[in-house]
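In what follows, every heavy atom counts, from backbone to side chain, and hydrogens, waters and symmetry copies are set aside. The sequence lines fix the lettering, A, B, ..., with proteins before strands; numbering per chain opens at 1.
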Amino acid sequence: MDFSYGPEYDDFRGELKGFLAEHWPAGGGGEGESWEDMVERAARFRAQAVEQGYLLRWVPRQYGGSEQEPDAVKAAIIREEFHRTRAPDEPRGIGLMMLVPTLLERGEEWQKEKFVPATVAGDYKWCQGYSEPGSGSDLASLRTRGELVGDEWVINGQKIWTTNAIDADYMFCLCRTEPDVPKHAGISYLLVPMKQPGVEVRPLKQMNGGQEFNEIFLTDARTPADWIVGKRGEGWLVSRTTLKHERAGIGNALGPVNAFQGVVQLAKKTLRAGRPAIEDPEVRQRLAAIEGYVRSHEYSSHRQTSRAFRGKDLGRVSTMSKLISTNIGSEIAKLSLDLLGDEGMIDPLAQGESAESLGASRSWLTQYMFSLGIAIAGGTANIQRNVIGERGLGLPRDYYAQRSSGK
Amino acid sequence: MDFSYGPEYDDFRGELKGFLAEHWPAGGGGEGESWEDMVERAARFRAQAVEQGYLLRWVPRQYGGSEQEPDAVKAAIIREEFHRTRAPDEPRGIGLMMLVPTLLERGEEWQKEKFVPATVAGDYKWCQGYSEPGSGSDLASLRTRGELVGDEWVINGQKIWTTNAIDADYMFCLCRTEPDVPKHAGISYLLVPMKQPGVEVRPLKQMNGGQEFNEIFLTDARTPADWIVGKRGEGWLVSRTTLKHERAGIGNALGPVNAFQGVVQLAKKTLRAGRPAIEDPEVRQRLAAIEGYVRSHEYSSHRQTSRAFRGKDLGRVSTMSKLISTNIGSEIAKLSLDLLGDEGMIDPLAQGESAESLGASRSWLTQYMFSLGIAIAGGTANIQRNVIGERGLGLPRDYYAQRSSGK
Amino acid sequence: MNFDTSEEQELLQETIAQFVANECPATRVREIFDGDTGHDPAFWKGLMELGLGGLVVPERFGGAGLEVIDLALATETLAYGGAPGPFFAHSLAALAIALGGSDAQCERWLPRLASGEALASVAFAEADGCWQPEEWQLAPGLKVSGAKHFVPSAELADLFVVGTAGGGLALVAAGEGVSVEAYEGVDRVRRMGTLRLDAAPAEVLGDAALAARVRDAACVLLAADAFGTAQRLLDMAVDYAKQREQFGVTIGHFQALKHQLADMAVEIEPARGLYWYAAHAFDHVPEDSARYAALAKAHISERAMQLGRDAVEAHGGIGFTWECDVQIWFKRAMLDRAWLGTPDVHRARAADLAGW
Amino acid sequence: MNFDTSEEQELLQETIAQFVANECPATRVREIFDGDTGHDPAFWKGLMELGLGGLVVPERFGGAGLEVIDLALATETLAYGGAPGPFFAHSLAALAIALGGSDAQCERWLPRLASGEALASVAFAEADGCWQPEEWQLAPGLKVSGAKHFVPSAELADLFVVGTAGGGLALVAAGEGVSVEAYEGVDRVRRMGTLRLDAAPAEVLGDAALAARVRDAACVLLAADAFGTAQRLLDMAVDYAKQREQFGVTIGHFQALKHQLADMAVEIEPARGLYWYAAHAFDHVPEDSARYAALAKAHISERAMQLGRDAVEAHGGIGFTWECDVQIWFKRAMLDRAWLGTPDVHRARAADLAGW
């Protein structure tokens with residue numbers, strides 16, 4: 001076991017450090033730099049980083065990437081150094097993470113040329129239209145209809161839980177195009193322009209006051225007949241194409257580790273009976289109990305990364321990352337609420353003098369509620385448990401899910 | 001709300017106190033009383049208590065009971081005063097609790113005459129033969145066969161989880177007598193003499209070393225043709241006859257309350273870093289958290305008793321008593337293991353000098369493991385959750401259970 | 001033994017439930033929640049007309065002369081309905097005066113509080129979570145100065161029962177030397193504010209034992225509120241499981257969810273007995289009064305908060321939206337849990353009071 | 001970065017697993033469990049022939065010269081197999097000598113421990129749960145007297161590494177002034193006893209830092225043992241769910257049980273990384289060594305114990321019987337949890353070591 005990267009990668013790291021020192025010096029720009037200047041500078045930096053093979057390593061050059069051999073160690077070094085210097089990483093949008101891999105694997109050549117370079121450059125913004133009201137994990141019950149009328153698909157229905165829909169230029173979505181074919185088999189994967197009269201986006205306010213999600217109402221929305229990825233009725237299959245590059249499918253424990261460090265700070269800052277809460281034996285026990293889970297997840301993730309790099313089987317733990325993170329987030333959130341005490345009664349979005357004193361607590365309160373959203377966002381915990389039980393432990397499939405999917 | 005019983009019952013309590021003072025003075029016998037003498041004296045006392053209408057109030061006089069009007073308040077007063085003076089209560093055997101009510105409701109007259117008086121007097125001891133290996137909560141899969149050969153049932157099969165089988169004179173059991181009728185409909189309720197060559201009892205040792213349970217092997221065991229309660233094929237129905245008297249179906253929180261008092265004592269007695277564990281803030285938090293559940297259960301049970309007395313609906317909480325007790329027992333057990341510390345490594349059944357020092361801890365360790373047995377004994381927790389979900393909350397029945405029972 | 005509600009008490013709960021169902025159904029609760037004041041004057045007027053302003057006010061001062069158990073039962077029912085406004089603080093202030101006020105104080109305030117003509121609140125919390133009478137620092141006197149936080153309905157109140165150093169209470173009327181800075185609480189149907197006193201005229205209320213007694217009553221009422229809140233959260237989750245379909249059946253068919261709902265029910269159902277006994281002990285069993293109040297507040301507010309999390313999860317994505325009513329009761333649970341101190345504070349108190 | 005086992009390490013684990021499967025399958029474990037000694041001399045001899053007596057003994061003293069990570073991996077595999085006997089204590093004693101012994105001590109003992117010719121154990125616990133070096137009271141010297149409890153395989157050992165006041169260690173050979181009173185532990189495959197020393201000849205072992213270091217190693221090994229134990233408990237529960245039928249299907253079809261098994265897996269699976277890193281830190285990251293050892297011992301032994309309870313429940317009634325093998329690993333988890341102090345002790349230590 002070894003947490004160093006070995007001499008062969010020292011040069012790589014040295015080159016990367018040199019590149020960053022030159023192109024992203026001292027955390028970025030000078031004082032008083034405008035937002036626009038910063039955005040432009042980041043874009044310039046990204047283009048250079050792609051040119052050098054540090055970003056978009058998994059995207060072919062012809063579509064705007066740097067087309068490098070997959071190398072999990074290089075990927076880890078890049079992540080570390082970019083994180084350390086706060087250099088702009090690959091854009092995190094769903095277009096890059098989900099649509100681009102799908103197009104690269106299953107798209108027509110003209111589709112790749114039209115959509116991939118503009119997406120990786122950040123010029124095309126995407127949202128995802130899978131979920132519908134009344135069909136969460138059950139894609140077989142999808143109701144949004146796409147009908148081929150002349151040389152256009154005419155789409156009617158409703159999507160929900162869409163992030164960034166307001167800014168998006170396009171949506172990749174699943175529609176039922178073959179009404180006579182049952183269940184999964186009647187679904188197609190369509191690309192739909194968002195800026196058209198038939199598409200209405202309505203923000204979904206969350207219980208913590210945030211508005212990350214949207215509903216999308218599709219009323220005779222239109223898209224060209226050939227803006228379909230894969231064949232008619234193959235949409236379900238196409239939608240399951242996932243990112244197969246050096247960073248993919250590997251447990252990442254950064255979130256829980258950071259959240260844990262945060263709650264330790266909160267416990268240091270919070271007073272109980274005049275003394276820091278972190279001196280309270282019960283708080284110490286709870287923190288150490290949570291840290292057991294956090295460090296387990298952290299080093300289990302390192303192990304998975306190492307094994308993925310060497311092409312070794314990740315084992316059943318690979319099905320568990322989401323639920324592990326959710327569980328940790330939930331425990332941290334509950335402890336934070338205990339630490340917040342009175343501040344847990346103030347609306348995190350509230351204004352006013354008393355609200356001012358909230359300071360850092362404000363974000364913890366938002367976080368407390370958001371931890372519930374996280375539990376739900378990655379498929380509810382129960383869906384995760386089905387996956388773990390069935391794929392991880394080899395237990396039989398659910399009766400109803402099996403019946404519904406016709407498999 | 002009122003924890004007194006009102007003037008109308010003061011006389012009753014006064015009479016009862018007088019009766020106990022006379023017939024069960026000062027906790028019973030004198031020093032050096034032999035076991036046999038004590039048993040005989042208890043039997044005499046019980047007969048007098050029945051005569052006076054204090055015990056077996058729900059059993060007709062002709063069958064050895066005192067045949068009183070149901071009165072939950074009187075029942076509570078009797079329970080309190082008997083408990084206070086440690087007077088012998090009704091025998092706790094499964095024969096009295098389960099067979100007698102069944103015979104009273106569904107037995108032939110000759111069956112009542114033959115079995116009820118001897119059972120309530122403690123002369124006939126019973127065990128129950130419902131569970132089988134491979135059919136826990138699923139009675140439809142019962143495999144023990146009863147075949148009518150001449151004027152006898154010939155029984156072959158195996159029963160499990162039978163308590164007190166070694167001492168029992170008779171067993172009431174479920175056998176499949178109608179092999180061509182599916183599921184529940186082919187089962188009959190038979191009474192079987194235990195002292196015969198075809199019945200072999202084998203103790204089942206538990207993980208805590210106890211041997212409360214037995215397996216029963218039935219190999220051409222025989223019982224008269226008319227030792228059947230209800231008609232052929234009605235056994236499942238007959239087995240569901242339950243005690244319908246003043247003490248029945250009411251939450252009783254005595255067990256958890258006593259266990260909680262015990263763990264408080266353990267925390268007082270146990271030293272941590274030289275000081276009583278109960279001074280440790282974390283232990284205090286855990287105790288108070290458990291007490292929240294214990295007192296909830298205690299007063300919820302008082303409420304149910306009160307409502308049952310007045311014939312009022314008990315509500316969904318009435319489906320929950322077992323799981324509530326199990327949960328509390330489990331939390332108490334876990335805390336006790338933390339308090340035991342090193343003593344949690346010594347076999348509770350061990351002999352020897354070091355084992356001597358265990359003292360009270362010994363029973364806690366047994367209890368720690370036994371808390372698991374309790375969880376299982378009343379039907380596993382998952383069966384309880386089905387009952388709560390379905391009967392308590394009105395949620396749909398389980399697919400597999402429904403299919404199997406044919407309902 | 002009859003540890004059960006009387007017919008009168010059941011009638012009280014039914015009457016309130018019916019009134020809330022008619023005058024403040026979930027749609028109306030939602031309007032108040034999304035509005036700016038957390039208060040519905042017409043609904044409040046209706047509650048006062050029902051006599052809920054004076055449940056524990058002696059009859060000779062225009063009240064119903066009932067006990068804390070009755071007030072707690074009313075509180076549960078109102079919480080289940082999501083009732084907005086100052087009921088909790090108003091009732092607690094009235095109770096404080098009824099328990100400890102001089103004849104003059106009672107005569108002056110109780111009839112007006114019972115009728116709803118005046119509205120009262122309680123001002124306990126000082127900075128850094130100092131909620132308990134033993135922790136108060138605000139100096140008593142004929143003129144009082146200082147700040148009290150998390151005062152319910154502070155903007156609306158005509159009268160404040162204010163905690164003072166040494167565990168005393170004082171009556172301070174709105175007006176001279178009194179200002180309020182309201183803020184948005186997480187529970188948008190029960191707004192709070194900071195009460196700032198600057199040489200405000202004050203009268204001493206009751207003797208040295210009163211404040212602790214009022215604190216115990218507050219624990220009981222918060223427990224009752226949390227119980228009603230938790231019941232509503234449970235019922236919402238169960239109802240949703242019976243309606244929402246997935247894979248061609250209602251999701252209540254899925255054993256995992258069914259068992260989670262069963263576990264939720266097991267967590268909260270028996271707690272009814274705990275808050276009942278805590279209220280009963282307040283009224284009739286002095287030696288158990290403080291201890292069971294602390295236990296009930298800690299246990300039930302903790303359960304309600306967890307039930308809120310569980311109910312959100314049981315609703316899936318929709319449970320996390322502002323539009324879904326679950327959040328209204330979820331946030332009610334947050335207030336019940338934090339007001340007067342978090343559960344660990346009251347567990348520690350219960351342990352002390354048990355003599356451990 | 002390669003945070004993964006090497007080919008050699010995988011081979012080590014495979015070899016041990018194969019050996020246990022052949023020489024000590026569950027049926028044999030059961031015989032030892034039901035027997036009187038908790039020891040299988042032939043199996044032990046086999047382990048020694050495999051070289052497991054000297055994994056961490058330097059090569060010049062006849063060992064394999066490996067690290068604590070290797071010892072921990074071996075420990076996990078042996079625990080999964082339910083291996084009976086003195087492996088844990090013997091290895092820990094050998095490690096103590098290898099880390100801190102003088103040349104003479106090493107030469108005298110390590111070759112014999114590596115070969116299995118001699119058997120060693122560790123004697124730490126004093127009365128009232130005093131496990132940690134800082135708590136020991138037994139006076140050091142050339143003759144030592146006092147009692148040590150919960151000494152593994154005390155009856156079998158030729159040599160004891162004994163903790164002394166001030167956090168020191170001493171070597172005490174069986175013989176003069178040494179007596180053992182064995183008792184039946186809850187884990188019947190790893191018996192323990194009280195070691196009574198009455199002016200027993202002793203040699204000081206190592207410097208003042210050694211005892212704490214050996215304690216940290218013990219934490220890591222107990223964590224590894226608990227991890228292997230928990231894995232076995234999980235696998236037994238999963239296998240049972242795939243075999244046992246109810247209502248015409250295997251019970252693994254029931255979503256509630258499936259989810260419970262999934263939750264059990266989520267509780268334990270990632271902990272492999274924690275014990276690995278604790279072992280790695282012991283070998284290579286001094287600043288993390290004590291802290292991660294404490295964290296791993298606390299976290300994993302707690303998880304294993306809970307997994308034991310869950311596995312019993314997942315088996316239904318049969319899981320509670322003596323005949324069912326679940327109890328063997330359940331009780332193994334009980335020992336891993338209590339030996340060297342319960343999880344709360346090590347959580348408190350981990351908090352202190354974190355500098356909180």
Side-chain angles (χ1 to χ4, degrees), chain B residues 1-6 72-73 76-77 251 253 264 267-268 278-279 281 283-289 291-293 295-307 309-310 312 315-317 319-321 323-324 327 381-382 384-390 392-399, chain C residues 1-6 9 67 69 234-235 237-238 241-242 249-255 257-280 283-285 291-292 294-296 298-300 302-303 343-344 346-352 354 356:
Chain B
M1 276 171 212
D2 191 358
F3 279 93
S4 69
Y5 291 92
V73 177
I77 291 172
V264 169
K268 287 182 175 173
I278 203 162
E279 295 179 10
V283 171
R284 295 171 83 75
Q285 287 285 329
R286 286 177 71 183
L287 281 173
E291 186 168 19
Y293 287 103
R295 301 302 171 197
S296 292
H297 187 36
E298 181 179 9
Y299 290 100
S300 176
S301 298
H302 286 316
R303 173 176 170 273
Q304 288 176 69
T305 306
S306 300
R307 291 179 74 86
F309 167 52
R310 291 162 71 198
K312 289 163 83 175
R316 51 195 182 192
V317 75
T319 59
M320 302 174 191
S321 282
L323 190 55
I324 293 167
N327 288 348
N382 281 347
Q384 296 297 324
R385 292 189 185 99
N386 270 350
V387 171
I388 296 165
E390 293 166 15
L393 305 179
L395 293 165
R397 273 200 77 185
D398 252 21
Y399 170 73
Chain C
M1 182 178 66
N2 181 26
F3 187 62
D4 195 17
T5 40
S6 65
Q9 288 167 332
E67 299 184 314
I69 180 67
L234 172 62
D235 287 352
V238 171
K242 290 177 181 171
V249 292
T250 56
I251 58 175
H253 280 81
F254 300 122
Q255 201 191 26
L257 178 61
K258 180 158 64 178
H259 284 201
Q260 285 159 347
L261 293 168
D263 283 334
M264 288 164 66
V266 164
E267 283 288 297
I268 193 60
E269 281 292 346
R272 186 194 304 273
L274 179 58
Y275 102 69
W276 278 15
Y277 183 68
H280 173 75
D283 294 327
H284 297 291
V285 193
R291 173 160 131 72
Y292 276 85
L295 207 55
H299 181 76
I300 303 179
E302 191 91 289
R303 298 285 81 68
D344 53 344
H346 292 281
R347 279 194 295 265
R349 290 186 58 239
D352 294 346
W356 292 341

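In this structure, no portion of C:Tyr275 lies under 4.5 Å from any heavy atom of chain B. Contact annotation for C:Asp283: neither backbone nor side-chain heavy atoms come within less than 4.5 Å of a heavy atom of chain B. Using a 4.5 Å cut-off between heavy atoms, C:Thr250 contacts chain B through its side chain alone, with no backbone atom that close. Only the side chain of B:Ile278 comes within contact range of chain C, with heavy atoms under 4.5 Å apart. Heavy atoms closer than 4.5 Å to chain C are found in the side chain of B:Asn327, but not in its backbone. If you measure heavy-atom distances from C:Ile300 to chain B, you find no contacts under 4.5 Å at all. Residue C:Arg349: no heavy atom, backbone or side chain, is found under 4.5 Å from chain B. Using a 4.5 Å cut-off between heavy atoms, C:Ile69 contacts chain B through its side chain alone, with no backbone atom that close. Contact annotation for C:Ala271: both backbone and side-chain heavy atoms come within less than 4.5 Å of a heavy atom of chain B.
For B:Tyr293, the ring pair (Phe, Tyr, Trp, His ring centres under 6.0 Å) partners at least two apart in sequence or on another chain are C:His299. Every residue two or more places apart in sequence or in another chain that forms a salt bridge (charged side-chain N to carboxylate O under 4.0 Å, His left out) with B:Arg295 is listed here: B:Glu291, B:Glu298.
Per-residue counts of heavy-atom pairs under 4.5 Å with chain B were compared for C:Asp4, C:Leu261, C:Leu234; the largest is that of C:Asp4. With chain B as partner, the option from C:Val285, C:Thr5, C:Leu257, C:Val249 having the largest number of non-hydrogen pairs under 4.5 angstrom is C:Thr5. With chain B as the partner, the residue from C:Ala262, C:Pro343, C:Ala354 showing the most heavy-atom pairs under 4.5 Å is C:Ala262.
Side-chain contact between B:Arg316 and B:Ile388 is absent, with no heavy atoms from C-beta onward closer than 4.5 Å. Counting only heavy atoms from C-beta outward, the side chains of B:Thr305 and C:Phe3 never approach each other to under 4.5 Å.
Judged purely by atom type and a 3.5 angstrom limit, B:Glu390 uses its side chain to pair as donor or acceptor with the backbone of B:Asp398.
Here the shortest heavy-atom pairing between B:Ile324 and C:Pro270 reads CD1-CG, 3.6 Å.
Below 30°, between 30° and 60°, or above 60°: for C:Tyr277 and B:Tyr299 the angle between ring planes is below 30°, a parallel geometry.
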